[in-house]
Enquirer: 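Input: one structure, supplied below.
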Amino acid sequence: MSEKLRVGILGGTGMVGQRFISLLENHPWFEVHVIAASPRSAGKTYEEAVGDRWKIDTPMPEAVKKIIVKNVNEVAEVASEVDFCFSAVDMSKDEIRAIEEEYAKTETPVVSNNSAHRWTPDVPMVVPEINPEHFEIIASQKKRLGTTHGFIAVKPNCSIQSYAPALTAWMPFEPYEVVATTYQAISGAGKTFKDWPEMVGNIIPLISGEEEKSEKEPLRIWGHVEGDEIVPATSPVITSQCIRVPVLNGHTAAAFVKFKKKPTKDELVAALNEFKGLPQELKIPSAPAQFIRYMEEPDRPQVALDVDFEHGMGISIGRLREDAVYDWKFVGLSHNTLRGAAGGALLCAELLKAQGYIEAK
């Protein structure tokens, strides 16, 4: 590519916005051109607006420090300077739905980390290795919005990334009932231990709204495009509990599965290790070479040792065992702010660019 696409970050001062900015440093295809945030941050340099709230474990990129933050509500001005946007705004769901559509109607594609549009019938919610064909619904969305180039695409919730990829790899064996308990890091709430000292040595058995997302969002990912909407799958049925644990990064899941067919352990492990998707075939920049790996060690995966597998974009599965009630049980691990949030959205944008949905204005 001779010139990089100009990127806007909507909600660039929050944790996910910061993660987008860190991931886009020296990106081969994309370059941060505009950072937009709330009116209280507008007019300041990005460095001033963030102040001492930089939450990423790598330094703030020099290239963004002096960018003057724009008011995210000044949609026409922001959109005029970018080819597409990542959205990580901190607003109510109704406000998010409205502002993301407003940006899309300026002919600016929006790739969102937010949950507001995950159940809009013609908005694709995509894990690129699992359901890239859902991007086909963008044509219907454009008709509804009255756009030629503008649209919205979203990534799913971080909580499902540690078990839904494994279930996808095992679809030939027809899983039909799943219990999944997730143990979720505090960065999933946009927090560090400095922000949330109450979490040190603590567990909170409630993450509001998370269990419904964990049970329903995989079904939409496994669904199909029908007419002007994505119709969710009806199986496997998932029940879940979601628990906040004193870990900075990394969501762990303990899952139990019943299958209509009766796979062996060797068949299940092979399916995990061999699973590949379109990002691996196309070798797009953020794609992990190996999407899912199985770990034979009896005490793995562990957050401290394994969360950064494939630069945080790979999924680690271990402890696959037969179960006395269900057929098989396993433990999964994913990086919630990389694969589960900004990294997953970046991978979506790369695939959208590779397929011609995102291009220079």
Side-chain angles (χ1 to χ4, degrees), residues 127 129-130 156-188 203 210 214-215 218 221 236 238-259 261-277 280 287-341 343-344:
V127 176
E129 287 88 350
I130 295 176
N157 199 51
C158 54
S159 65
I160 74 171
Q161 309 284 344
S162 49
Y163 58 91
L167 297 174
T168 304
W170 292 337
M171 282 299 174
F173 307 114
E174 300 182 27
Y176 68 92
E177 189 174 302
V178 178
V179 176
T181 298
T182 58
Y183 303 88
Q184 298 185 205
I186 64 172
S187 58
I203 285 176
E210 205 78 356
S214 298
E215 293 168 357
I221 289 170
I238 302 172
T239 184
S240 74
Q241 293 200 98
C242 299
I243 299 170
R244 189 73 72 192
V245 295
V247 167
L248 180 59
N249 294 310
H251 287 357
T252 299
F256 302 76
V257 190
K258 288 183 179 179
F259 294 95
K261 297 181 180 178
K262 300 304 177 186
T264 66
K265 181 175 180 179
D266 286 346
E267 288 173 326
L268 291 171
V269 169
L272 295 175
N273 288 329
E274 294 168 8
F275 188 84
K276 286 182 167 39
Q280 285 70 42
Q290 185 171 358
F291 177 38
I292 311 172
R293 65 168 172 180
Y294 183 74
M295 308 191 75
E296 296 286 355
E297 298 91 334
D299 60 350
R300 305 282 283 277
Q302 293 181 29
V303 169
L305 300 177
D306 303 313
V307 74
D308 291 320
F309 171 58
E310 291 280 14
H311 305 288
M313 293 297 287
I315 309 299
S316 298
I317 305 294
R319 299 206 71 210
L320 180 62
R321 295 154 291 148
E322 289 189 88
D323 185 65
V325 177
Y326 282 68
D327 294 325
W328 293 91
K329 53 191 171 186
F330 69 94
V331 173
L333 173 66
S334 61
H335 196 304
N336 55 294
T337 68
L338 290 171
R339 167 57 73 166

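For the numbers below, each heavy atom of this structure counts, side chains included, while hydrogens, waters and symmetry mates do not. Just so we're clear, the structure is a prediction, and the values are computed from it rather than from any experiment.
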Enquirer: Only one of Leu268, Ile238, Leu320, Val178 forms a side-chain contact (heavy atoms from CB on, under 4.5 Å) with Val257, so which one is it?
Expert: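 Per the side-chain contact (heavy atoms from CB on, under 4.5 Å) rule, the option paired with Val257 is Val178, out of Leu268, Ile238, Leu320, Val178.
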Enquirer: What is the distance from atom CD1 of Ile130 to atom CD1 of Ile221, rounded to the nearest 0.5 Å?
Expert: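 Here the interatomic distance stands at 5.5 Å.
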Enquirer: Hey, which of Leu305, Ile317, Asp306, Ile315 is the one that makes side-chain contact (heavy atoms from CB on, under 4.5 Å) with Leu333?
Expert: Asp306
Enquirer: Using side-chain heavy atoms (C-beta onward) and a distance below 4.5 Å, is Phe291 in contact with Glu310?
Expert: no
Enquirer: Which pair of non-hydrogen atoms, one from Thr252 and one from Val331, has the smallest distance, and what is that distance?
Expert: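 Heavy atoms of Thr252 and Val331 come nearest at CG2-CG1, 3.7 Å.
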Enquirer: Within this structure, what is the CD-CD distance for the pair Gln290 and Glu274, rounded to the nearest 0.5 Å?
Expert: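 CD of Glu274 is found 10.5 Å from CD of Gln290.
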Enquirer: Do Asn273 and Ile292 have side chains that get closer than 4.5 Å, going by heavy atoms?
Expert: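 No, every pair of side-chain atoms sits at 4.5 Å or beyond.
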Enquirer: Run the numbers on Val247 and Ile186 for side chain to side chain contact (heavy atoms under 4.5 Å, CB included), then give the verdict.
Expert: CA-CA 6 Å; Val247 167; Ile186 64 172; over 6 Å; no
Enquirer: Could you point out which residue of Cys242, Ser162, Pro156, Cys158 forms a side-chain contact (heavy atoms from CB on, under 4.5 Å) with Ser214?
Expert: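 Going through Cys242, Ser162, Pro156, Cys158 one by one, the side-chain contact (heavy atoms from CB on, under 4.5 Å) with Ser214 is satisfied by Cys242 alone.
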Enquirer: If you round to the nearest 0.5 Å, how far is NZ of Lys329 from CD of Glu322?
Expert: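 Those atoms lie 10.0 Å apart.
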Enquirer: Going by heavy atoms in the side chains, are Ile160 and Tyr163 under 4.5 Å from each other?
Expert: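 They are in side-chain contact.
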Enquirer: Taking all non-hydrogen atoms of both residues into account, name the closest pair between Ala169 and Leu272 and its distance.
Expert: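 Heavy atoms only, the tightest pair is CB-CD2, 4.1 Å.
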Enquirer: When you check the side-chain N and O atoms of Arg293 and Ser316, is any donor under 3.5 Å from an acceptor?
Expert: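 Side-chain D/A pair, Arg293 to Ser316: present.
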Enquirer: Quick one: does Gln241's side chain get under 4.5 Å of Thr182's, heavy atoms only?
Expert: no
Enquirer: Assess whether salt bridge (charged side-chain N to carboxylate O under 4.0 Å, His left out) is satisfied between Glu129 and Arg339, documenting all intermediate values.
Expert: CA-CA 12 Å; Glu129 287 88 350; Arg339 167 57 73 166; 2.9 Å; yes
Enquirer: What I'd like to find out is whether the side chain of His335 reaches to under 4.5 Å of the side chain of Met313, using heavy atoms alone.
Expert: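 No, too far: nothing below the 4.5 Å cut-off.
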Enquirer: So among Lys261, Arg321, Lys262, which one has a salt bridge (charged side-chain N to carboxylate O under 4.0 Å, His left out) with Asp327?
Expert: Lys262
Enquirer: Do you see a donor-acceptor pair shorter than 3.5 Å between the side chains of Asn157 and Glu210?
Expert: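 Side chains of Asn157 and Glu210: pair found under 3.5 Å.
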Enquirer: Heavy atoms, side chains only, cut-off 4.5 Å: are Phe173 and Glu267 in contact?
Expert: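 The answer is yes; the side chains approach within 4.5 Å.
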Enquirer: Do Thr181 and Ile243 touch side chain to side chain, with heavy atoms closer than 4.5 Å?
Expert: yes
Enquirer: Any chance you could measure Lys258, atom NZ, to Asp323, atom CG, to the nearest 0.5 Å?
Expert: 9.5 Å
Enquirer: Could you report the tightest heavy-atom contact between Ala289 and Gln280, atom names first, then the distance?
Expert: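 In this case the closest contact between Ala289 and Gln280 is O-CG, 3.7 Å.
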Enquirer: Starting at CD of Glu177, measure out to CZ of Phe256 and round the result to the nearest 0.5 Å.
Expert: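 The CD atom of Glu177 sits 12.5 Å away from the CZ atom of Phe256.
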Enquirer: Can you say whether the rings of Trp170 and Phe259 are parallel (under 30°), tilted (30 to 60°) or perpendicular (over 60°)?
Expert: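 It falls in the perpendicular class, over 60°.
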Enquirer: For Met171, is there any backbone N or O sitting under 3.5 Å from a side-chain donor or acceptor partner on Glu174?
Expert: no
Enquirer: So, taking the atom named CZ in Arg300 and the one named CZ in Phe309, what distance separates them when rounded to the nearest 0.5 Å?
Expert: 11.0 Å
Enquirer: Within the 4.5 Å heavy-atom criterion, are Ser187 and Asn336 side-chain neighbours or not?
Expert: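 Counting from C-beta outward, Ser187 and Asn336 do come under 4.5 Å.
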Enquirer: Does any N or O in the side chain of His251 come within less than 3.5 Å of the main-chain N or O of Ala185, such that one atom is a donor and the other an acceptor?
Expert: yes
Enquirer: If you look at every heavy atom in Pro263 and Trp328, which pair is closest and at what distance?
Expert: O-NE1, 3.3 Å
